[in-house]
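Keep in mind that the numbers below use all heavy atoms, side chains included, and drop hydrogens, waters and symmetry copies. Computed from a predicted structure; not experimentally measured. Quick note on labels: first sequence line is chain A, next is B, and so on, each numbered from 1.
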Amino acid sequence: MPELPEVETIRRDLQRHAVGRRIEDFIIRWPRTFVGTAAAAAKLRGKEIERIDRRGKYLLLRLSGGTTLSLHLRMSGRLRAAPAATAVLDHERARVLLDDGAAIVFTDPRKFGRIAPLSSAAASRLDASLGIEPLDPGFSATALRRSLAGTRRAVKSVLLDQARIAGIGNIYADEALHAAGIHPAAPAGALSEEEIARLAAAIPTVLSAAIRHRGTTFQMYRDGQGKKGRYAYRLMVYGRGGLPCRRCGTELSSTRLGQRTTVWCSSCQPRSAARRSQAPSRPAAKAPRSRRPGHSKS
DNA sequence: CTCTTAACCTGGACGC
DNA sequence: TGCGTCCAGGTTAAGA
């Protein structure tokens, strides 16, 4: 459920409570949540949380001694700060006790979320497996073009591909494409320079606005304080299939694209109008599939 | 390479 | 109220 803006909101919330604190104990309530042995979990004790980073949808606790504790919330995970004495919460899967009497509690009804201790080498591999960060200074139309190049897959599916661009999920993929006026099924590698430029502008704009509103709460998501995000009120398309477009009034279309519900405005996001000027350039019988830099899988 | 399906899981919404 | 069905913000493995 949580995408980049939600994870970033949680990161900022936890940062205040946890950075500089030492881990007194790490309690696992649901074994599969923790990727590693009990001994590996025990080794977390005594380590200091030096920094909390985010990479895509991963939260990365940088611990003293070079270990990184990675947390991924998947669909229903929540992280929140609470007094260590707080009774076990519903669906609680893990809890980190800090040396100041506070705790970070991980709850996750669907049990998809994962917490894993990573060596610095493993952390590097994780980093390398993810695509560009849409809110980093290095993000640009040029960088986005590189990320979308070399594939005819639907642009929305490519936006969801964490190895190409990190942090975007189903909500913000639809929102960004609407903001950019691009049809979700448009082949990613065939977007015009103008479309790329619009998308490169729309993505950070949408994500930043969502962060300002502390994320989108549809059902499950809560921030690091246990509160709902307010961006749901500002969504233009996600969850609004059949309702009028907030920009032009046209009834929003909804379909399944790559197994994901996809909502768009047929008027603001025309299927092909914006691509007419591109040279037809037939599918190149056997174009050498040169791998784009930055997508290395490991 | 790309697409599809199934898994992993539970809870909420909705129809009857 | 209760039951069945479908859906969900994510990711990965396997098969066509």
Side-chain angles (χ1 to χ4, degrees), chain A residues 1-10 29-35 54-59 70-79 89-93 106-116 125-126 129-131 148-176 184-185 187-190 206-207 210-211 213-223 228-232 234-235 237-242 254-263 283-292 295 297-298:
Chain A
M1 68 184 244
E3 306 180 29
L4 187 155
E6 291 73 36
V7 177
E8 178 61 21
T9 299
I10 292 170
R29 313 265 189 217
W30 177 257
R32 297 193 61 173
T33 294
F34 185 75
V35 183
R54 178 193 55 72
R55 179 79 168 93
K57 300 170 192 171
Y58 288 85
L59 212 49
S70 85
L71 300 93
H72 197 299
L73 276 33
R74 294 286 183 94
M75 297 287 271
S76 62
R78 291 183 191 175
L79 279 169
L89 302 179
D90 277 356
H91 311 299
E92 181 171 327
R93 308 301 177 205
F106 178 68
T107 59
D108 183 19
R110 292 179 70 175
K111 302 175 177 172
F112 290 167
R114 291 291 179 268
I115 301 176
R125 283 195 297 273
L126 172 62
S129 72
L130 297 169
L148 301 185
T151 182
R152 300 277 304 168
R153 291 166 64 202
V155 61
K156 166 162 181 187
S157 298
V158 177
L159 290 181
L160 293 176
D161 182 346
Q162 304 298 301
R164 291 190 177 252
I165 178 166
I168 297 176
N170 207 31
I171 295 179
Y172 299 108
D174 279 4
E175 293 297 310
V206 167
L207 296 178
I211 291 172
H213 293 279
R214 303 187 58 76
T216 300
T217 293
F218 236 71
Q219 304 167 21
M220 312 286 277
Y221 167 71
R222 296 294 184 281
D223 64 24
K228 297 183 179 185
R230 304 184 308 271
Y231 196 69
R234 310 186 97 80
L235 295 174
V237 288
Y238 180 83
R240 304 193 66 248
S254 180
T255 186
R256 232 46 207 167
L257 197 164
Q259 317 307 114
R260 318 279 267 136
T261 296
T262 298
V263 184
K286 42 187 272 193
R289 265 281 135 270
S290 71
R291 199 87 189 104
R292 249 58 210 58
H295 308 154
K297 281 279 170 358
S298 117

Would you measure the distance from the [atom1] atom in [N] across to the matching atom in [M] and give it in whole Å?
N	M	atom1	result
B:dC3	C:dG9	C1'	22 Å
C:dC7	B:dA6	P	14 Å
B:dG11	C:dT11	P	22 Å
B:dT5	C:dC6	P	15 Å

In plain terms, say whether A:Arg93 and A:Asp108 are close enough for a salt bridge, that is, a side-chain N and a carboxylate O under 4.0 Å apart. no

Are any protein N/O atoms closer than 3.5 Å to N/O atoms in nucleotides 7-9 of chain C? If there are, list each pair with its distance.
{"from": "C:dA8", "atom 1": "OP1", "to": "A:Thr261", "atom 2": "OG1", "distance (Å)": "2.2"}
{"from": "C:dA8", "atom 1": "OP2", "to": "A:Arg256", "atom 2": "NH1", "distance (Å)": "2.8"}
{"from": "C:dA8", "atom 1": "N1", "to": "A:Arg110", "atom 2": "NH1", "distance (Å)": "3.4"}
{"from": "C:dA8", "atom 1": "N3", "to": "A:Arg110", "atom 2": "NH1", "distance (Å)": "2.9"}
{"from": "C:dG9", "atom 1": "OP1", "to": "A:Asn170", "atom 2": "ND2", "distance (Å)": "3.0"}
{"from": "C:dG9", "atom 1": "OP1", "to": "A:Tyr238", "atom 2": "OH", "distance (Å)": "3.3"}
{"from": "C:dG9", "atom 1": "OP2", "to": "A:Arg260", "atom 2": "NH1", "distance (Å)": "2.8"}
{"from": "C:dG9", "atom 1": "O4'", "to": "A:Met1", "atom 2": "O", "distance (Å)": "3.3"}
{"from": "C:dG9", "atom 1": "O6", "to": "A:Gln219", "atom 2": "N", "distance (Å)": "2.4"}
{"from": "C:dG9", "atom 1": "O6", "to": "A:Met220", "atom 2": "N", "distance (Å)": "2.9"}
{"from": "C:dG9", "atom 1": "N1", "to": "A:Phe218", "atom 2": "N", "distance (Å)": "2.9"}
{"from": "C:dG9", "atom 1": "N1", "to": "A:Gln219", "atom 2": "N", "distance (Å)": "3.2"}
{"from": "C:dG9", "atom 1": "N2", "to": "A:Thr216", "atom 2": "O", "distance (Å)": "2.0"}
{"from": "C:dG9", "atom 1": "N2", "to": "A:Phe218", "atom 2": "N", "distance (Å)": "3.2"}

Taking only the side-chain nitrogens and oxygens of [X], find out if one of them lies under 4.0 Å from OP1 or OP2 of [N].
X	N	result
A:His91	B:dT10	no
A:Thr151	B:dT2	yes
A:Lys111	B:dT10	yes
A:Arg32	B:dC9	yes

Would you call the rings of A:Tyr58 and A:His72 parallel, tilted or perpendicular, where under 30° means parallel and over 60° means perpendicular? perpendicular

Regarding A:Tyr172 and A:Glu6, do their side chains bring together a donor and an acceptor under 3.5 Å, going by distance alone? yes

Are A:Thr261 and A:Arg256 close enough that a side-chain donor and a side-chain acceptor fall under 3.5 Å? yes

Base-pair map of DNA chain C as dot-bracket, where | denotes pairing with a different strand and pairs are Watson-Crick or G-U under 3.5 Å: .|||||||.|||||||

Stacking between B:dC8 and A:Phe112, yes or no? Criterion: centroid separation under 5.5 angstrom, plane angle under 30 degrees. yes

For A:Arg55, the side chain to side chain donor-acceptor pair (under 3.5 Å) test, sequence neighbours excluded, returns A:Asp127, A:Glu133

For A:Arg114 and B:dC8, what is the distance between atoms CZ and P respectively, to the nearest whole Å? 11 Å

In whole Å, I'd like the distance from the CZ atom of A:Arg78 to the P atom of B:dC9. 20 Å

Gap separating the OG1 atom of A:Thr216 from the CZ atom of A:Arg230, nearest 0.5 angstrom: 11.0 Å

